[in-house]
Amino acid sequence: MAKYRVEDIRNVALVGHEVAGKTSLADALLYKAKAVDRRGSVEEGTSFSDYDEEEKKLKYSIDTSLLHLEHAGRQIHILDGPGKPEFVGAALGALNAVDTAVIVISAPNGIQVNTRRMFTEAGKRGLARILVINRLDAENIHFEDLLKTIQETFGKGCVLFNAPQAVGPDFKGVISVLDAPEKTPPGCPVDLAAARSKLVDAIVEADERLMEKYLLEGSVSPEELKAALPKAMAAGTVVPILCTSAKKDIGVAELLDALANLALPPRPQKATKGAGDKAAEVTLEANETGEFAAQIFKNLNDKFVGTLSFFRVYSGKIGADQQIVNLRTGKSSRTGGLLLMQGKTQKPVTEAIAGDIVAVAKVEDLLIGDSIGLTPQAPKLPKPTYPTPMFGLAVEPKARGDEQKISGSLHKMSDEDPTFKVTRDAQTKEMVMTGMSQLHLEVVQQRLRRRYELEVVTHEPKIPYRETITSNAEASHRHKKQTGGRGQFGEVHLRVSPIPREIHTEEELLEKFANKSRFEKMRSAHYDAEHNFAFIDTIVGGTIPNQFVPAVEKGCKELLERGALAGYRLQDVAVEVFFGKDHPVDSSEAAFKTAGRVAFKNAVLQARPVMLEPIVNLEVTVPSKYTGAILGDLNTKRARIENQDSLPGDLAVIMCRVPLAEVTRYAAQLGSITQGQGSYTMEFSHYDQVPGNVQQQIVSKAKVAADEDE
């Protein structure tokens with residue numbers, strides 16, 4: 001049995017922007033709680049959290065690491081997430097597995113891009129939030145201004161839980177706001193009485209009984225306030241702010257107490273039980289007696305250890321000798337034991353209960369987001385979503401014969417990182433890896449070299465344009481070939497029409513075409529959601545024999561990948577095959593496949609085909625003085641400005657939609673305009689029609705490339 005109860009578990013994620021000192025804070029917490037026998041250091045490469053070779057070399061986090069400690073009767077699991085926007089997938093994975101987010105702010109740098117994002121993402125997940133202002137021993141700190149900015153940005157519920165006695169080199173300790181002295185000590189940058197009043201107001205707002213007592217009596221005891229704090233945090237009315245210097249070990253003990261007393265215990269979780277029409281939503285209570293349900297939130301591949309899969313238990317318990325079932329595949333596997341992780345150090349445990357976060361080794365085909373249980377009928381947890389990676393590089397092996405090794409190794413790495421994808425372009429045959437930025441893919445290449453001793457050459461890939469049609473058309477093709485023996489014959493007549501992009505299912509498709517008289521004799525309809533493509537059979541009188549209709553469909557689907565205009569994927573098209581001719585001897589599947597493909601291409605070229613381009617949501621944050629220069633630059637990139645706002649700290653944020661082709665190298669361009677002071681986030685939005693002049697350039701280039709290949 002576990003030596004602690006479910007209600008004693010606290011799962012917290014340390015998140016925020018880079019250089020806020022999250023990893024140093026994690027090392028300080030471990031050492032303060034005596035969970036480790038020495039203090040780790042990022043600078044010296046001895047951190048328990050940043051143990052990866054790339055992390056030691058670069059001096060910043062790339063992955064989320066799992067740590068644990070015991071304090072004040074609590075079992076506290078700490079997930080230390082990376083702060084660079086390039087590695088946001090790992091930070092979001094940490095938030096998906098916890099109940100409380102600790103958002104760390106650098107006192108000298110203030111609120112930055114990932115500070116805002118992590119605060120918002122934690123709120124979306126319903127997590128309790130704690131803000132930690134770290135590095136208060138640094139120079140040039142304006143504490144009152146920073147506190148005001150925090151409250152303006154994140155709301156009045158952000159209130160001081162403790163305050164620094166002083167800031168900068170004189171920062172020696174913190175003062176409890178709830179148990180504050182009557183007079184504010186000299187050097188303290190805040191009015192403690194006013195800070196206490198704000199804290200009390202925020203706490204009682206979430207408790208009607210306390211609110212009534214406070215209004216009637218004018219005061220509430222510190223004990224009552226402390227007891228009500230977790231409820232107020234769960235309601236989101238209170239976000240405590242704590243002050244620390246991880247480097248000088250100031251405020252760390254107080255933060256440790258806060259994690260034990262304020263962080264939330266494991267919460268109930270929504271899940272789905274059953275499949276299809278019998279699927280029903282259930283609530284998983286966080287207790288040992290419920291049905292075992294857990295979810296994978298992180299994978300780690302190592303050439304020595306193998307695959308480690310990390311999961312959070314939401315209900316029930318599991319023993320080290322029990323088999324687990326992957327609810328996505330239905331496969332059952334032995335775990336080989338349960339592991340409690342302290343950075344890279346593994347400690348076998350006999351069981352895991354609701355709320356626990358553990359790992360299993362060498363279990364194949366467990367992907368991030370997979371639900372696991374003890375039976376195939378176990379509850380399935382909702383799959384988390386991640387940003388769509390948009391920065392791509394085509395990959396080639398440096399040494400001949402390494403193609404398969406590189407493909408396999410990159411796919412293993414994509415299993416670790418939901419914001420890193422590996423695909424192969426069906427037309428160009430290029431292997432393309434896609435990530436959040438150039439830095440993201442550089443780190444992937446470094447890991448490829450270190451882990452698997454593989455070198456690659458990269459170059460800019462093709463932008464993933466799409467092709468579609470804008471009107472109806474009809475075409476036919478007769479494929480006839482005589483070579484001396486048995487010939488080839490197949491004739492196909494078909495119509496094409498656009499499918500709205502809001503169509504997502506076969507039922508919606510059939511409803512769209514139901515009111516068209518010619519579909520009254522529809523024999524079958526096949527829908528491909530990936531391409532938003534429909535193949536409809538309205539053949540009358542067997543003019544194309546039944547055995548050849550699948551070949552016609554196969555020929556049409558071949559064109560989906562090849563495209564008709566410039567070699568890009570074709571989408572949003574319905575094909576109706578309504579007539580044809582066959583030959584009793586010369587007709588074959590190959591002949592009808594060719595006839596179907598060519599007829600489809602002819603129809604597409606008559607249906608006013610257009611190119612579609614990927615549009616991304618771009619959010620740019622810069623000092624206000626650069627706003628004009630950024631807007632001018634975005635206008636040259638065909639951007640559509642959606643919103644523009646001012647942020648505390650004399651910053652401006654510009655939100656726009658812009659074609660991906662215009663911003664593939666935006667990091668360098670933004671750095672040049674703002675002298676390195678700008679930052680941005682970019683996520684896929686949708687596909688939109690390419691302007692005519694741009695389409696002509698794309699098609700011309702494609703024809704030149706095709707001629708060169710020939």
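In this text the structure is predicted, and so the values were computed from the model without any measurement.
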Legend entry - Close side-chain approach of Leu199 to Leu160, heavy-atom, < 4.5 Å: no
Inset, instruction - Using the six-membered ring wherever Trp is involved, compare the ring planes of Phe311 and Phe292 and label them parallel, tilted or perpendicular (cut-offs 30° and 60°). - result: perpendicular
Inset, instruction - For Thr283 and Lys270, run side-chain contact (heavy atoms from CB on, under 4.5 Å): C-alpha distance rounded to whole Å, both residues' side-chain angles, the deciding distance at 0.1 Å, then the answer. - result: CA-CA 5 Å; Thr283 299; Lys270 297 291 184 185; 3.1 Å; yes
Inset, instruction - Please round to the nearest 0.5 Å and tell me the distance separating atom CZ of Arg39 and atom CG of Leu30. - result: 10.5 Å
Inset, instruction - Could you tell me whether the side chain of Ser407 and the main chain of Gln404 form a donor-acceptor pair under 3.5 Å? - result: no
Inset, instruction - Kindly compute the distance separating CG (Asp99) from CD (Gln269), expressed to the nearest 0.5 Å. - result: 9.0 Å
Legend entry - Glu7, CD: over 12 other non-hydrogen atoms inside 6.0 angstrom: yes
Inset, instruction - Output yes when Glu70 and Lys3 qualify as a salt bridge under the 4.0 Å nitrogen-oxygen rule, no when they do not. - result: yes
Inset, instruction - State plainly whether the residues Arg451 and Glu416 are in salt-bridge range, i.e. N to O under 4.0 Å. - result: yes
Inset, instruction - Begin with the C-alpha distance, continue with both residues' side-chain angles, and end with the deciding distance and a verdict on salt bridge (charged side-chain N to carboxylate O under 4.0 Å, His left out) for Glu121 and Arg125. - result: CA-CA 6 Å; Glu121 293 289 349; Arg125 289 160 174 76; 2.7 Å; yes
Legend entry - More than 12 heavy atoms from other groups under 6.0 Å of NZ on Lys405: no
Inset, instruction - Please report the shortest heavy-atom distance between Lys383 and Gly369, naming the atom on each side. - result: CG-O, 4.1 Å
Inset, instruction - Could you tell me whether a side-chain N or O of Asn162 sits under 3.5 Å from a main-chain N or O of Glu254, the two making a donor and an acceptor? - result: no
Inset, instruction - Determine yes or no for a side-chain-to-main-chain donor-acceptor pair under 3.5 angstrom, with Ser315 supplying the side chain and Glu291 the backbone. - result: yes
Inset, instruction - Give a yes or no on whether the backbone of Val360 and the side-chain of Ser309 come within a donor-acceptor separation of less than 3.5 Å. - result: no
Inset, instruction - Could you tell me which non-hydrogen atom of Leu448 sits nearest to which non-hydrogen atom of Ser409, and how far apart they are? - result: CD1-CB, 3.6 Å
Legend entry - Interatomic spacing from NZ in Lys380 to OG1 in Thr272 - rounded to 0.5 Å: 8.5 Å
Legend entry - Arg129 to Phe119, cation-pi by 6.0 Å centre distance and 45° axis angle: yes
Inset, instruction - Give the C-alpha distance, both sets of side-chain angles, the deciding distance and a yes or no for side-chain contact (heavy atoms from CB on, under 4.5 Å) between Leu255 and Lys32. - result: CA-CA 10 Å; Leu255 175 58; Lys32 180 65 70 175; over 6 Å; no
Inset, instruction - Assess whether atom OH of Tyr31 is packed by more than 12 heavy atoms of other residues, nucleotides or ligands within 6.0 Å. - result: no
Legend entry - Passing candidate, side chain to side chain contact (heavy atoms under 4.5 Å, CB included) with Leu262, options Met233, Arg10, Lys226: Met233
Inset, instruction - With rounding to the nearest 0.5 Å, note down the distance linking CG in Asn287 to NZ in Lys317. - result: 11.0 Å
Legend entry - NZ/NE/NH1/NH2 to OD/OE distance under 4.0 Å, Lys331 and Glu364: no
Legend entry - Contacts of Gln112 that satisfy side-chain contact (heavy atoms from CB on, under 4.5 Å) - sequence neighbours left out: His17, Asn109, Thr115
Inset, instruction - Examine the side chains of Thr307 and Asn301 and answer whether a donor and an acceptor come within less than 3.5 Å of each other. - result: yes
Legend entry - Leu58 and Gln446: CA distance, side-chain angles, deciding distance, side-chain contact (heavy atoms from CB on, under 4.5 Å) verdict: CA-CA 11 Å; Leu58 298 168; Gln446 291 168 14; 4.2 Å; yes
Inset, instruction - Mark yes when over 12 heavy atoms from residues, nucleotides or ligands other than Lys57 sit less than 6.0 Å from its NZ; otherwise mark no. - result: no
Inset, instruction - Evaluate the side-chain proximity of Ile324 to Leu366: yes if any heavy-atom separation is below 4.5 Å, no if none is. - result: yes
Inset, instruction - Check whether any side-chain heavy atom of Arg450 lies under 4.5 Å from a side-chain heavy atom of Asp52, and answer yes or no. - result: yes
Inset, instruction - State, yes or no, whether a side-chain contact exists between Phe420 and Leu410 at a heavy-atom distance under 4.5 Å. - result: yes
Inset, instruction - Taking the side chain as every heavy atom from C-beta outward, state whether Arg135 and Lys247 have any atom pair closer than 4.5 Å. - result: no
Legend entry - Electrostatic pair Asp417:Arg447 at N-O distance under 4.0 angstrom: no
Legend entry - Audit row: Thr23, Ser61, side-chain hydrogen bond (donor to acceptor under 3.5 Å, both in side chains) steps and yes/no: CA-CA 8 Å; Thr23 299; Ser61 301; 2.9 Å; yes
Inset, instruction - Starting from the C-alpha separation in whole Å, work towards a yes-or-no answer on side-chain hydrogen bond (donor to acceptor under 3.5 Å, both in side chains) for Tyr386 and Asn96. - result: CA-CA 11 Å; Tyr386 291 90; Asn96 291 334; 3.2 Å; yes
Inset, instruction - Take atom NZ of Lys273 as the centre, draw a 6.0 Å sphere, and report whether it contains more than 12 heavy atoms from other residues, nucleotides or ligands. - result: yes
Inset, instruction - Would you indicate whether the side-chain heavy atoms of Val42 and Tyr60 approach each other to under 4.5 Å? - result: no
Inset, instruction - Would you indicate whether the side-chain heavy atoms of Lys298 and Leu79 approach each other to under 4.5 Å? - result: no
Please output the side-chain donor-acceptor pairs of residues 333-341 that fall under 3.5 Å, not counting sequence neighbours, one pair per line with the distance.
{"residue": "Arg334", "atom": "NH1", "partner": "Asp321", "partner atom": "O", "Å": "3.4"}
{"residue": "Thr335", "atom": "OG1", "partner": "Ala320", "partner atom": "O", "Å": "3.2"}
{"residue": "Thr335", "atom": "OG1", "partner": "Gly337", "partner atom": "N", "Å": "3.1"}

Legend entry - Ser24 OG to Asn134 CG distance, which is reported to the nearest 0.5 Å: 7.5 Å
Inset, instruction - Over all heavy atoms of both residues, which pair between Gly316 and Val313 is shortest? Give the atoms and the distance, please. - result: O-CG1, 3.9 Å
Legend entry - Approximate separation, where rounding is to 0.5 Å, of Leu225 CG and Tyr214 OH: 9.0 Å
Legend entry - Nearest heavy-atom neighbours spanning Asp80 and Lys22: OD1-CB, 3.8 Å
Inset, instruction - Apply the test side-chain contact (heavy atoms from CB on, under 4.5 Å) to residues Glu53 and Lys56: give CA-CA distance (whole Å), side-chain angles for both, the deciding distance (0.1 Å), then the verdict. - result: CA-CA 5 Å; Glu53 289 302 319; Lys56 290 181 182 181; 4.0 Å; yes
Legend entry - Arg312 to Phe310, cation-pi by 6.0 Å centre distance and 45° axis angle: no
Legend entry - Closest non-hydrogen atom pair, Ile62 against Pro82: O-CG, 3.5 Å
Inset, instruction - Classify the side-chain pair Tyr527/Asn532 by whether it contains a donor and acceptor separated by less than 3.5 Å. - result: yes
Legend entry - Under 3.5 Å: donor-acceptor pair, side chain of Asp27, backbone of Phe48: yes
Inset, instruction - Over all heavy atoms of both residues, which pair between Leu127 and Val98 is shortest? Give the atoms and the distance, please. - result: CD2-O, 3.2 Å
Inset, instruction - Determine whether Val349 and Asp356 make a side-chain contact, defined as any pair of heavy atoms from C-beta on separated by less than 4.5 Å. - result: no
